[in-house]
Amino acid sequence: MGEQHPEKARLPTPLVALLLCGFSVLQAMAAAASKEGGEYPYKVVASTLLSEVFKIALSALCLAREVWGAPDADRRRALYFTTKTLAAAAVPGVAYQVLNNLNFVTLYYVDAPTFQILGNLKIVATGLAGRYLLKRKLDTGRWLALVLLTLGAASSQVAPDCAGDGAAFLRLGDRAYGYASAVACVGLSATMGVFTEAFMKGTRSSIHFQNMQLYAFGIAANLAALLYRGEVGAGASPLFAGFNVWGSVATVANGCCGLAVSFMLRYADSIAKTYASALTIPATAAASYACFGTPVGAASALGSGVMLASLAFFYGGADLFAPPDAGKLPGAADR
């Protein structure tokens with residue numbers, strides 16, 4: 001999918017991973033706080049549209065700062081694009097809108113806990129997509145770490161009232177359509193994550209210019225969704241009616257998450273982004289406990305521990321299990 005051009009990140013990747021985790025937690029908390037009577041008082045697609053506008057505006061400011069007064073060669077590099085790269089930028093914008101609709105289809109046929117548990121399959125699916133789209137090879141230990149992350153994320157989302165019930169999984173035959181939709185969501189999400197990584201790393205053009213391309217198509221896709229749902233135009237209520245303070249916070253936090261994700265995909269990879277996203281689960285549980293008093297169950301605590309173990313094993317497994325004198329083999333100093 002194009003030549004990869006590794007670059008040095010302007011900010012440490014672990015810092016961006018923490019920012020992604022933090023903004024994801026803030027978005028979840030603000031979205032929950034923005035509800036009135038258990039419902040969102042504003043149009044959810046309009047919130048997503050505003051997030052895209054926020055991201056493209058901030059990217060435009062950063063791009064202007066980057067190219068202002070820069071030499072012509074640097075300016076041409078930053079603004080480089082081809083018909084092929086523009087077409088590649090259009091794919092995620094449309095695909096993620098399809099994914100949003102598939103999520104609603106899935107939730108129609110399966111309950112929320114089952115949906116969340118099945119959604120964690122995208123962790124392993126991301127590894128598979130990277131293997132086949134980017135030819136990224138992972139050793140057996142790292143594959144096991146991804147499986148461990150999947151199990152930890154899934155177990156942390158088992159609600160106390162449904163743990164051990166098993167009823168959600170015993171009715172597989174009755175809800176095959178919902179499960180098929182969930183599998184499609186998993187595959188599409190993982191593939192688009194890897195595809196976007198390939199797009200971000202495919203040229204040396206400015207990350208801000210690449211973001212502007214992605215977000216322009218995202219805006220178009222959201223506008224198309226609003227038109228399809230009849231939420232704009234004659235007879236529709238004002239587009240941004242009902243927005244409250246927490247809804248605005250959730251919108252901005254969602255935009256910051258998107259910017260952090262693009263940084264992760266450009267300077268790290270889709271697996272690092274997957275780990276950062278997965279670790280928002282225990283972080284959100286801790287924040288909910290601190291802010292709302294939501295109890296943290298045994299399953300959540302166990303799953304969080306498993307995910308942290310997976311993180312340590314994936315990025316430090318070789319060092320963690322290497323013999324103390326592995327680098328002191330006979331004759332090593334002579335080579």
Side-chain angles (χ1 to χ4, degrees), residues 1-11 13 16 19-20 23-24 27 45-100 189 191-227 239-240 248 250-270 272-273 276-277:
M1 295 186 63
E3 182 184 0
Q4 302 286 304
H5 297 287
E7 297 178 74
K8 183 178 179 181
R10 297 184 181 181
L11 290 175
T13 301
V16 180
L19 289 173
L20 173 58
F23 282 124
S24 296
Q27 179 194 4
V45 179
S47 175
T48 306
L49 175 63
L50 276 178
S51 293
E52 297 294 307
V53 172
F54 168 77
K55 290 187 290 185
I56 199 171
L58 189 56
S59 297
L61 289 174
C62 292
L63 179 64
R65 181 177 179 273
E66 179 179 339
V67 301
W68 184 266
D72 289 343
D74 290 343
R75 188 180 296 110
R76 286 194 298 270
R77 174 201 56 77
L79 301 177
Y80 174 80
F81 72 95
T82 64
T83 303
K84 183 178 179 180
T85 60
L86 286 177
V91 173
V94 175
Y96 281 121
Q97 189 58 50
V98 173
L99 178 63
N100 289 337
S189 176
T191 301
M192 283 301 100
V194 174
F195 184 94
T196 307
E197 177 189 348
F199 166 73
M200 298 298 291
K201 294 178 177 176
T203 70
R204 286 190 176 274
S205 59
S206 168
I207 183 175
H208 308 303
F209 185 56
Q210 289 180 315
N211 282 340
M212 290 180 66
Q213 296 172 56
L214 289 171
Y215 303 148
F217 287 109
I219 289 172
N222 279 281
L223 286 174
L226 286 168
L227 287 170
L239 183 58
F240 303 120
S248 301
T251 298
V252 173
N254 184 34
C256 293
C257 285
L259 292 167
V261 165
S262 70
F263 187 100
M264 294 287 290
L265 294 177
R266 172 76 178 242
Y267 298 114
D269 55 51
S270 50
K273 175 257 180 185
S277 298

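- In this structure, the separation between CG on Leu259 and OH on Tyr215 is 4.5 Å, given to the nearest 0.5 Å.
- Heavy-atom minimum distance, Phe217 versus Leu86: CE1-O, 3.5 Å.
- Residues satisfying the side-chain contact (heavy atoms from CB on, under 4.5 Å) criterion with Ala221, sequence neighbours excluded, are Gln97.
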Can Leu61 and His208 be said to form a side chain to side chain contact (heavy atoms under 4.5 Å, CB included), step by step? CA-CA 9 Å; Leu61 289 174; His208 308 303; over 6 Å; no

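- When every heavy atom of Leu50 is checked against every heavy atom of Phe240, the shortest pair comes out as CG-CE2, 3.4 Å.
- Atoms OH and CD1, on Tyr267 and Ile207 in that order, are 4.5 Å from each other to the nearest 0.5 Å.
- Applying the side-chain hydrogen bond (donor to acceptor under 3.5 Å, both in side chains) rule to pairs touching residues 253-263 yields Gln27-Asn254, Ser51-Asn254, Asn211-Ser262, sequence neighbours excluded.
- Every side-chain contact (heavy atoms from CB on, under 4.5 Å) that Ser189 has, sequence neighbours left out, goes to Leu99, Lys122.
- Between Leu20 and Ser24, some side-chain heavy-atom pair lies under the 4.5 Å cut-off.
- Counting heavy atoms from C-beta on, the side chains of Pro92 and Leu214 come closer than 4.5 Å.
- With rounding to the nearest 0.5 angstrom, the OG atom of Ser205 is 8.0 Å from the CE atom of Met200.
- For Phe195 against Ala88, the heavy-atom pair with the smallest separation is CE2-O, 3.4 Å.
- When side chains are defined from C-beta on, Val252 counts as touching Phe54, because their heavy atoms get closer than 4.5 Å.
- Between the CG atom of Asp74 and the CG atom of Leu79 there is a distance of 10.5 Å, given to the nearest 0.5 Å.
- The shortest heavy-atom contact between Tyr80 and Phe209 is O-CE2, 3.6 Å.
- Considering only residues two or more places apart in sequence or on other chains, Ala78 meets the side-chain contact (heavy atoms from CB on, under 4.5 Å) condition with Glu66, Val67, Ser206.
- Between the side chain of Arg204 and the main chain of Arg77, no donor-acceptor pair closer than 3.5 Å is present.
- Under the salt bridge (charged side-chain N to carboxylate O under 4.0 Å, His left out) criterion, Lys273 pairs with no residue, sequence neighbours left out.
- A 4.5 Å side-chain heavy-atom check between Tyr96 and Thr196 finds at least one atom pair inside the cut-off.
- The side-chain heavy atoms of Val45 and Leu49, taken from C-beta on, include no pair separated by under 4.5 Å.
- Separating the OG1 atom in Thr85 from the CD atom in Gln210 is a distance of 8.5 Å, to the nearest 0.5 Å.
- To the nearest 0.5 Å, atoms CG (Leu58) and SG (Cys256) are separated by 7.5 Å.
- In this structure, Val16 and Ala260 approach most closely via the heavy-atom pair CG1-O, 3.7 Å.
- Remark: Arg75 pairs with Asp72 by the salt bridge (charged side-chain N to carboxylate O under 4.0 Å, His left out) rule, at least two apart or across chains.
- Looking at heavy atoms from C-beta onward, Lys55 lies in side-chain contact with Glu52 at the 4.5 angstrom threshold.
- Minimum heavy-atom separation, Met212 to Ala60: SD-CA, 3.7 Å.
- Without hydrogens or angle criteria, Gln213 side chain to Ala89 main chain gives no donor-acceptor distance under 3.5 Å.
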